[in-house]
Student: 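One structure, pasted below without further comment.
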Amino acid sequence: MPIYPVARVDELADGQMKQVQAGETELLLVRLDGQFYALGARCTHYGAPLATGALHGERIICPWHHACFHARTGEHLEPPGMDHLPRFPVRVEGEQVLVELPDTVEGRRAPALVRRDPQETRTCVVVGSGCAGAYAVEAVRAEGFRGRVVWVAGSEFPPIDRPNLSKEYLAGEAPEEWMPLRDPAFYEAADIEVVQGRPAAALDAAAKTVTLADGEVLRYDVAVVAPGARPRRLEVPGAELAGIFTLRTIEDSRAIRAAAREARRAVVVGASFIGMEVAQSLRHLGLEVTVVAPESVPFERTLGVEVGRVLQALQEENGVAFRLGHTVAAFEGTDRVRQVVLDDGSRLAAELVVVGVGVQPATDFVQGVQKAPDGSMVVDAFLQAAEGLFVAGDAARFPDWRTGTPIRIEHWRLAAQHGRLAGANAAGAHRLYRGVPFFWTRQFGVSLQYLGYVDAWDEVVLDGDPSARKFLAFYLRGEQVWAVAGMGRGYEMARLHGLLLEEGLPVLERVRSYLLSR
């Protein structure tokens, strides 16, 4: 195998990483405790250059969507993405760091999953075909569970990259082959039985049974339930008219894109992240777009007025109109929607409407667990809702490890985190949830990242210039930083991810001094 000199020893201090070249191969060189490690240079999610992210202890944090990898082994620690980084032998000769590469270099390593042992009598059932279910079935096998694994995936299989549904896929820029998280053959190779077209009709936590829509009963020893959520619909006159959509599945996104080809004007109801991303995509498809929402500023309740205005201005610069401070009173049309009637009696012409006004946990079929008023299932710090039953994603109300307060978060990345942890714990790992929620949105070429969680804050402290779209926004309760939003500050956001993971609720001065350190 060829050996390449890639750096001098003195080019990296302990705790540093650097992208280097070995022939035609990009590598990430990391130095920890005097040892050098050579890994793949690109994140296994969307290919971000990891050298522009952060190294926090032994954790590499991707600058784009905060996938995390182990700096010594390349192991994939946190989503998004699912595969490990390749790792290559390193040695030091004199002042040179040398890396040995195979003749063919792969950009990723799939996780090692065990197969079923016919002598093992236990059964694990996973319910849900979203990312939480996908990460769960992998984790069950990766953790060494050799019993029967049955994945009740419903109608949407294989699992998809759901955040793309409102972005590139809806805009016609992402081909179909981009969307699946895995090829179906991957699950077949791990002896994972996939049940399609027969969703779970009932789950009895006391009896440890899952009843499918056709009446078949599956008995389990351990189970992971990750049913996700259903989009809320507007209960107003005309809501049943053709041309009115919600967006949750790939079929929804296809239908909206098809309807957009026959439409000229669209109304998006709700200034949520999905709503604003849909507005962007419909503008890309050439439609006139108006966003209707009750807030005075988009994202006022989740990001605050200052950050919300930045995103509103970005949308308006690209031709999106807003009717804020209003709700929808009715939809009008004969065969299909033609007008949207607002609460003040005004009307907006539209041949296409997309409603994004929140979701409801899809948990009606589950019995024998404690549920919160919104229908979410209450779990402990191990994501366990009942003996042998674990819950992941939008349906889980789990304790915030920083405070112990039960919370529910509708982030795709967190659902993936939950799925992996729930699957591992179903297989016997007994690990606590201790993660940092993270989400991102990309609108008209500009990305906003958000770290942490806070449902109400005392003040928002800005660092940088929001008008220049390069800033950090710190959401404070007292002196503690509960969450951070950032635009144009990807490296610092990656560093802050490590700090919040380690310290939970640092005070603002600690955050500022940390960012000044290198």
Side-chain angles (χ1 to χ4, degrees), residues 1-115 135 138-139 141-144 181-183 186 189-190 416-417 420 424 429 431 491 494-495 497-498 501:
M1 293 192 293
I3 298 174
Y4 298 90
V6 295
R8 292 179 55 83
V9 170
D10 59 6
E11 287 183 45
L12 275 81
D14 262 338
Q16 289 187 335
M17 59 183 181
K18 177 183 180 181
Q19 184 166 314
V20 297
Q21 201 75 21
E24 298 182 356
T25 302
E26 297 174 330
L27 298 176
L28 183 70
L29 191 65
V30 181
R31 187 173 187 178
L32 289 174
D33 301 324
Q35 298 294 314
F36 289 92
Y37 303 90
L39 308 170
R42 299 274 173 173
C43 179
T44 59
H45 179 227
Y46 275 4
L50 293 171
T52 62
L55 178 62
H56 187 90
E58 296 182 333
R59 180 180 295 254
I60 299 166
I61 303 171
C62 173
W64 289 1
H65 307 125
H66 290 210
C68 298
F69 302 89
H70 197 286
R72 299 183 194 271
T73 66
E75 178 187 355
H76 183 258
L77 300 176
E78 290 193 30
M82 305 182 92
D83 289 332
H84 308 315
L85 298 173
R87 179 186 172 188
F88 308 101
V90 181
R91 71 172 185 261
V92 175
E93 292 185 359
E95 296 301 312
Q96 288 289 330
V97 181
L98 306 175
V99 176
E100 183 177 336
L101 296 184
D103 293 332
T104 301
V105 177
E106 301 292 342
R108 60 185 63 216
R109 288 186 292 127
L113 306 184
V114 302
R115 295 175 62 86
Y135 278 83
E138 285 198 28
R141 285 294 194 220
E143 198 63 30
L181 298 178
R182 293 286 194 200
D183 186 275
F186 177 88
Q417 280 181 309
R420 178 173 282 176
R431 295 181 191 132
Y491 169 68
R495 291 195 69 212
H497 192 136
L501 183 65

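The shown structure was predicted, so the numbers you read here are calculated from the model rather than taken from an experiment.
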Student: In chain order, what residues pass the salt bridge (Lys or Arg N to Asp or Glu O under 4.0 Å) check against Asp10, with sequence neighbours excluded?
Tutor: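 For Asp10, the residues satisfying salt bridge (Lys or Arg N to Asp or Glu O under 4.0 Å) (neighbours in sequence not counted) are Arg8.
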Student: Work out which heavy atom in Pro111 is nearest to a heavy atom in Asp83; give both atom names and the distance.
Tutor: CD-OD1, 3.4 Å
Student: Let me confirm one number: the CZ-CE distance from Arg182 to Met82, rounded to the nearest 0.5 Å.
Tutor: 5.0 Å
Student: Look only at the side chain of Arg87 and the backbone of Leu39, and say whether a donor-acceptor pair between them is shorter than 3.5 Å.
Tutor: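 Looks like no, no N/O pair under 3.5 Å.
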Student: I'd like to know if the side chain of Gln96 reaches the main chain of Glu93, judged simply by a donor and an acceptor atom lying under 3.5 Å from each other, with no hydrogens or angles considered.
Tutor: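 No; zero donor-acceptor contacts below 3.5 Å.
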Student: For residues Pro79 and Tyr135, determine if any side-chain heavy atom of one lies less than 4.5 Å from a side-chain heavy atom of the other.
Tutor: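 When only atoms from C-beta onward are counted, Tyr135 and Pro79 do touch, with a gap below 4.5 Å.
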Student: Using the rule given for side chain to side chain contact (heavy atoms under 4.5 Å, CB included), can you reason through Leu101 versus Leu27, listing the C-alpha separation, both sets of side-chain angles and the distance that settles it, and then say yes or no?
Tutor: CA-CA 10 Å; Leu101 296 184; Leu27 298 176; 4.2 Å; yes
Student: CD1 of Ile61 to NE2 of His66: how many Å apart, nearest 0.5 Å?
Tutor: 7.0 Å
Student: Please report the shortest heavy-atom distance between Gly107 and Pro86, naming the atom on each side.
Tutor: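 Distance-wise, the nearest heavy atoms are O-CD, 3.4 Å.
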Student: Please report the interatomic distance CG(Asp14) to CD(Gln35), rounded to the nearest 0.5 Å.
Tutor: 9.5 Å
Student: Find the distance between SG (Cys62) and CZ (Phe69) and round it off to the nearest 0.5 Å.
Tutor: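 Those atoms lie 7.0 Å apart.
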Student: Can you confirm whether Val20 sits close enough to Tyr4 that some side-chain heavy atom of one is under 4.5 Å from a side-chain heavy atom of the other?
Tutor: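 SC-SC contact between Val20 and Tyr4 ruled out.
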Student: Would you please test His497 and His56 for side chain to side chain contact (heavy atoms under 4.5 Å, CB included) and show each step?
Tutor: CA-CA 9 Å; His497 192 136; His56 187 90; over 6 Å; no
Student: Taking side chain as C-beta onward, heavy atoms only, is Cys68 less than 4.5 Å from Arg59?
Tutor: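 The answer is yes; the side chains approach within 4.5 Å.
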Student: What is the distance from atom CG of Leu29 to atom NZ of Lys18, rounded to the nearest 0.5 Å?
Tutor: 8.5 Å
Student: May I ask you to test the Pro49-Arg42 pair for a side-chain heavy-atom distance under 4.5 Å?
Tutor: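 They are in side-chain contact.
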Student: If you define the side chain from C-beta out and look only at heavy atoms, does anything of Asp103 sit under 4.5 Å from Pro2?
Tutor: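 Yes, at least one pair of side-chain atoms sits under 4.5 Å.
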Student: Please confirm whether the backbone N or O of His76 pairs with a side-chain atom of His84, one donor and one acceptor, at under 3.5 Å?
Tutor: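 Side chain of His84 to backbone of His76, a donor-acceptor pair under 3.5 Å: yes, one is there.
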Student: Ignoring hydrogens and angles, tell me if any N or O in the side chain of Thr44 forms a donor-acceptor pair with the backbone of Arg108 under 3.5 Å.
Tutor: no
Student: Using every non-hydrogen atom in the two residues, find where Leu113 and Ala190 come nearest and quote the distance to one decimal.
Tutor: CD1-CB, 3.8 Å
Student: Give the minimum heavy-atom separation between Ala48 and Trp64, together with the two atoms involved.
Tutor: CB-CD2, 3.2 Å
Student: Please determine whether salt bridge (charged side-chain N to carboxylate O under 4.0 Å, His left out) holds for the pair Glu11 and Arg31, giving the CA-CA distance in whole Å, both sets of side-chain angles, and the decisive distance to 0.1 Å.
Tutor: CA-CA 10 Å; Glu11 287 183 45; Arg31 187 173 187 178; over 6 Å; no
Student: Give the C-alpha distance, both sets of side-chain angles, the deciding distance and a yes or no for side chain to side chain contact (heavy atoms under 4.5 Å, CB included) between Glu26 and Gln19.
Tutor: CA-CA 7 Å; Glu26 297 174 330; Gln19 184 166 314; 3.4 Å; yes
Student: Looking at Pro63 and Thr52, what are the two nearest heavy atoms and their distance?
Tutor: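 Minimum heavy-atom separation between Pro63 and Thr52: CG-OG1, 3.2 Å.
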Student: As an exercise, state the distance from CZ of Phe88 to CG of Leu98, rounded to the nearest 0.5 Å.
Tutor: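 It comes to 15.0 Å.
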Student: Does Asp33 reach the side chain of Arg72, with side-chain heavy atoms less than 4.5 Å apart?
Tutor: yes
Student: Does any part of the side chain of Leu32, heavy atoms only, come nearer than 4.5 Å to the side chain of Leu55, both counted from C-beta?
Tutor: yes
Student: Suppose the criterion is ring-ring contact (aromatic ring centres under 6.0 Å, His included): which pairs have a residue in residues 7-52, not counting sequence neighbours?
Tutor: His45-His65, Tyr46-His65
Student: Which residues satisfy the salt bridge (Lys or Arg N to Asp or Glu O under 4.0 Å) test with Arg115, sequence neighbours excluded?
Tutor: Asp191
Student: Flag the pair Glu58 / Val30 as yes when at least one side-chain heavy-atom distance between them is below 4.5 Å, and no otherwise.
Tutor: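 No, their side chains stay 4.5 Å or more apart.
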